[in-house]
Undergrad: 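Sharing a structure with you now.
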Amino acid sequence: MSSIWDNCLAKLENEIANADFSTWIRPLQAVESDGHITLLAPNRFVLDWVKQHHFAKIEESIHEFSNGNLVLTLEIGSKKSSAPPITKVAKPVETKKANLTFLNKAFTFENFVEGKSNQLARAASIQVSENSGKAYNPLLIYGSSGLGKTHLMHAIGNAVLQKNPSANIVYLHSEKFVQDMVKALQQNSIDAFKQFYRAIDVLLIDDIQFFAGKERSQEEFFHTFNTLLEKKHQVVLTCDKYPKEIVGLEDRLKSRFGWGLPVSIEPPDMETRAAILMKKAQLVGVDLAQEVAFFIAKRIPSNVRDLEGALRRVIANAQFTGKEITTEFTKEALHDLISLQDKLVNIDNIQKTVAEYYKIRISDLVSKNRKQTITRPRQLAMTLARELTSHSFPEIGNAFGGRDHTTVINACKRISELRESDHKMAEDYSNLLRSLSH
Amino acid sequence: MAEQLPVNFEFRANQTFNDFFPGGNQEIIGHLKNTLEGTGEQQIFIWGESGLGKSHLLQACCHHAHLHKLDAFYFSLSSAAGLPDPAILAGLDKFDVVCVDNIEHIGGDPVWEQAFFNFFNLHRSHEHKLILSASCPPQTIAIDLPDLKTRLNWGLTLKLKPLTENDSIKALMFKAKHMGFEISPQAGRFLLTHYNRDLASLWNLLDTLDRASLAAQRKLTLPFLKKLLQHLL
């Protein structure tokens with residue numbers, strides 16, 4: 001039997017423009033009781049809009065379908081409740097802890113693909129999960145967005161929880177910490193807030209760069225952080241850059257964040273990207289051929305989220321068409337993405353970006369100049385062209401002043417060696433790759 | 001008679017999957033339905049040029065979600081008044097399905113980028129579904145916040161294909177039939193060659209023609225159509 005509100009919706013759907021109906025009317029949740037019908041709006045903005053623009057029509061419909069027996073009120077609220085962490089303080093420790101940690105069970109060490117770019121971060125994370133509060137405290141994982149920092153963080157939490165199901169583990173984004181604190185201040189419950197955060201065994205805070213410029217939150221986090229460390233409770237943090245580089249973060253926090261072990265995650269190399277793709281495919285029951293994985297890895301050089309997005313597209317397309325995932329099929333399925341990538345990254349803009357980075361001229365890169373200050377950037381630009389575009393060695397050589405293809409092969413080899421032995425070169429490569437891939 | 005036509009009438013037929021002419025976009029509808037029914041992706045990003053039916057699809061998602069007893073919220077970020085207040089995002093994380101139309105408009109607005117990033121993380125942590133649309137692929141949206149940009153690429157990205165000319169004629173006939181009248185392929189071809197070809201404009205025109213044909217008690221034959229359009233264009 002349909003409710004009065006269902007009848008009203010059916011009527012209003014034909015009286016109010018589509019977009020307005022989907023935004024302001026259908027999302028309202030109705031609660032009927034004792035001669036009243038209360039419509040719940042998700043926030044003040046929606047409530048005010050509905051009151052101002054649609055209240056009369058809604059009231060008229062309610063009146064019609066209830067024969068004038070229901071009084072309409074509008075309130076902010078939801079039939080569902082998502083309890084903020086502070087409310088959990090009052091609950092017994094044993095209460096469904098796993099559901100209160102905000103941990104994503106899908107992120108484990110087993111399904112984290114290790115490569116050169118992330119092996120140190122993975123090893124440190126495993127250490128922390130095995131010796132929580134003792135190994136490295138805090139553990140700080142830093143690197144660009146979409147490289148697996150959050151995955152490692154959840155993996156630590158899941159591993160600790162597996163060993164000790166009663167451990168009090170909380171994962172949250174730094175913004176959530178800020179929001180909870182603001183809410184606690186508004187509701188005069190800052191003591192409960194402090195009590196909650198300072199009683200955590202393992203605190204996993206993602207993206208601490210968002211604390212920048214929020215002085216009150218930094219102050220509160222500083223005290224939480226100190227208390228947890230004093231009690232030898234584990235703190236794990238992630239950041240998109242080394243904390244010393246964050247503008248708007250207090251020096252005392254920058255310094256404390258570096259107390260334990262800061263480890264970086266770099267963009268994955270092609271082999272790791274291919275391995276990630278095969279692993280992700282395997283997790284959804286798809287057997288991805290190595291050749292196909294390498295094809296995608298070559299064309300999507302940036303971050304793991306982009307790789308996942310591309311893989312999703314291929315698998316979804318294969319499932320829809322019932323076709324086998326071959327390289328040809330993948331090429332077709334990713335046609336849009338590949339042509340976009342080609343437009344965004346080509347040899348011209350690689351030369352331009354490298355020249356700007358090293359403060360040399362593009363003409364130097366294609367010249368015969370053999371000074372090391374020119375040859376290294378040239379070799380790096382050739383390597384990036386090989387990594388980020390589909391051009392062949394001879395084509396790349398040609399674009400760099402008509403050089404032979406063997407020169408390009410040697411350049412790629414040399415840069416690969418230098419990335420291992422020379423920290424500066426590894427950093428330059430990583431910075432340029434990041435800037436070209438976004 | 002034709003002078004009385006309400007040409008600015010807003011098209012109000014319910015936007016559902018059933019009244020969307022898929023043309024070459026059947027796959028997209030399949031993925032959207034799978035997502036809403038719990039067997040598909042958590043996040044879908046649909047992009048394509050304007051007038052292909054992105055808003056229709058997103059509203060159809062909300063309609064479909066409602067049929068499945070899910071709470072769904074749709075809003076568009078394209079409006080003459082500019083971006084709405086980010087306060088519209090408060091509490092939306094509790095909705096099973098949130099559909100955001102024209103997401104590209106938040107690019108370059110730091111307050112909106114940050115607010116949407118916070119909403120995204122919270123909504124995703126509840127394993128709720130997010131469906132986004134834009135006129136361009138996520139990679140080319142001018143988002144300054146890198147953490148948000150990578151997240152937009154995370155889900156399944158699908159391009160809405162434009163209808164071929166033949167499909168556009170079929171779409172007109174399909175839409176007319178849904179509205180309770182018929183137009184011939186010849187009349188459909190005539191409309192396509194003499195009127196704005198984007199689908200939203202064509203649907204509004206169909207509505208106007210339907211009213212005119214009712215008022216005149218005549219079928220929409222080609223000669224009658226030509227006569228009507230002379231007054232409208």
Side-chain angles (χ1 to χ4, degrees), chain A residues 9 13-19 21-24 26-27 29 41-46 49 76-82 102 104 144-147 171-173 175-176 179 206-207 209-210 240 302-306 308-310 312-313 315-317 319-321 336-337 340-341 343-344 434 438, chain B residues 10-15 26-27 30-31 34 40-41 45 47 55-56 58-59 62-63 66 71-76 84-96 99 101 114 117-118 121-122 125-127 137-140 145-159:
Chain A
L9 283 178
E13 193 166 18
N14 293 312
E15 293 179 355
I16 293 172
N18 294 315
F21 181 78
S22 297
T23 305
W24 311 113
R26 196 194 280 123
Q29 297 172 345
N43 54 54
R44 164 74 49 199
F45 187 84
V46 173
W49 189 279
I76 298 172
S78 169
K79 284 182 176 176
K80 291 178 189 167
S81 66
S82 66
F102 304 105
N104 185 335
S144 302
S145 181
L147 298 181
Y171 162 86
L172 79 162
H173 194 267
E175 276 291 332
K176 181 82 172 72
Q179 284 169 12
D206 216 352
D207 288 331
Q209 69 272 17
F210 289 107
D240 69 346
S302 42
N303 60 62
V304 183
R305 289 202 182 103
D306 286 359
E308 279 189 60
R312 283 196 164 97
R313 179 82 193 97
I315 294 175
N317 206 269
Q319 282 168 348
F320 181 77
T321 56
D336 298 330
L337 199 61
L340 183 70
Q341 192 73 29
K343 260 188 234 161
L344 296 174
R434 190 183 313 149
H438 283 105
Chain B
E10 189 166 10
F11 186 71
R12 279 182 188 163
N14 300 340
Q15 308 234 300
Q26 192 62 55
E27 181 186 354
H31 289 307
N34 286 344
E41 299 287 340
F45 188 108
W47 68 278
S55 304
H56 183 145
L58 263 59
Q59 288 168 41
C62 291
H63 180 266
H66 189 69
D71 294 323
F73 195 98
Y74 162 93
F75 67 102
S76 168
D85 191 320
I88 196 174
L89 293 169
L92 296 195
D93 57 286
K94 290 174 193 144
F95 280 75
D96 304 299
C99 299
D101 212 354
Q114 184 66 58
F117 175 70
N118 297 341
N121 290 325
L122 206 53
S125 72
H126 300 316
E127 297 183 6
Q139 293 87 344
T140 61
L145 192 61
D147 304 77
L148 177 59
K149 191 155 186 165
T150 58
R151 278 163 174 78
L152 295 186
N153 274 333
W154 207 349
L156 178 60
T157 300
L158 300 163
K159 184 187 178 190

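Labels below follow one simple rule: chain letters A, B, ... track the order of the sequence lines, proteins then strands, and each chain is numbered from 1.
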Undergrad: At a heavy-atom separation under 4.5 Å, does N118(B) approach chain A through its side chain, its backbone, both, or neither?
TA: side chain

Undergrad: Against chain A, label T157(B) side chain, backbone, both or neither, depending on which of its atoms sit under 4.5 Å from a heavy atom there.
TA: backbone

Undergrad: If I measure from the heavy atoms of chain B, does D336(A) come under 4.5 Å with its side chain, its backbone, both, or neither?
TA: side chain

Undergrad: Under the side-chain hydrogen bond (donor to acceptor under 3.5 Å, both in side chains) test, which residues partner N153(B), sequence neighbours left out?
TA: D306(A)

Undergrad: For S145(A) and R305(A), which I'm curious about, is there any donor-acceptor pair between the side chains at under 3.5 Å?
TA: yes

Undergrad: Using non-hydrogen atoms and a 4.5 Å limit, figure out which bit of A72(B) sits close to chain A: side chain, backbone, both or neither.
TA: backbone

Undergrad: Does T150(B) use its side chain to pair, donor to acceptor, with the backbone of D147(B) at less than 3.5 Å?
TA: yes

Undergrad: So for W49(A), is it side chain, backbone, both, or neither that comes closer than 4.5 Å to the heavy atoms of chain B?
TA: neither

Undergrad: Flag the one option from I76(A), N317(A), L9(A), I315(A) with the top tally of heavy-atom pairs under 4.5 Å to chain B.
TA: N317(A)

Undergrad: Looking at G309(A), is its backbone amide N or carbonyl O close enough to the side chain of R313(A) to form a donor-acceptor pair, meaning the two atoms are under 3.5 Å apart?
TA: no

Undergrad: Examine distances only and state if a side-chain atom of T23(A) and a backbone atom of Y74(B) form a donor-acceptor pair shorter than 3.5 Å.
TA: yes

Undergrad: May I ask you to name which of W154(B), F45(B), F95(B) has the most heavy-atom pairs under 4.5 Å with chain A?
TA: W154(B)

Undergrad: Measuring heavy-atom distances to chain A, does E127(B) have an atom under 4.5 Å in its side chain, in its backbone, in both, or in neither?
TA: neither

Undergrad: Output the option from L92(B), D96(B), N34(B) having the highest count of non-hydrogen pairs under 4.5 Å with chain A.
TA: D96(B)

Undergrad: For chain B, find which of R44(A), E175(A), Q209(A) contributes the most heavy-atom pairs closer than 4.5 angstrom.
TA: E175(A)

Undergrad: With a 4.5 Å heavy-atom cut-off, do N121(B) and R151(B) have their side chains touching?
TA: yes

Undergrad: Only pairs of heavy atoms separated by less than 4.5 Å count here; which of E308(A), Q319(A), Q179(A), R26(A) has the most with chain B?
TA: R26(A)

Undergrad: Using distance alone, with no hydrogens and no angle criterion, decide if Q59(B) and H63(B) have a side-chain donor and acceptor under 3.5 Å apart.
TA: no

Undergrad: Does some side-chain heavy atom of S55(B) sit less than 4.5 Å from a side-chain heavy atom of L58(B)?
TA: no

Undergrad: Please classify the contact between L89(B) and chain A as side chain, backbone, both or neither, with a heavy-atom cut-off of under 4.5 Å.
TA: backbone

Undergrad: So which of C62(B), S76(B), P84(B), G91(B) has the largest heavy-atom pair count under 4.5 angstrom toward chain A?
TA: C62(B)

Undergrad: If I measure from the heavy atoms of chain B, does Q29(A) come under 4.5 Å with its side chain, its backbone, both, or neither?
TA: side chain

Undergrad: Taking only residues two or more places apart in sequence, or in another chain, which ones meet F117(B) in a ring-ring contact (aromatic ring centres under 6.0 Å, His included)?
TA: H173(A), F210(A)

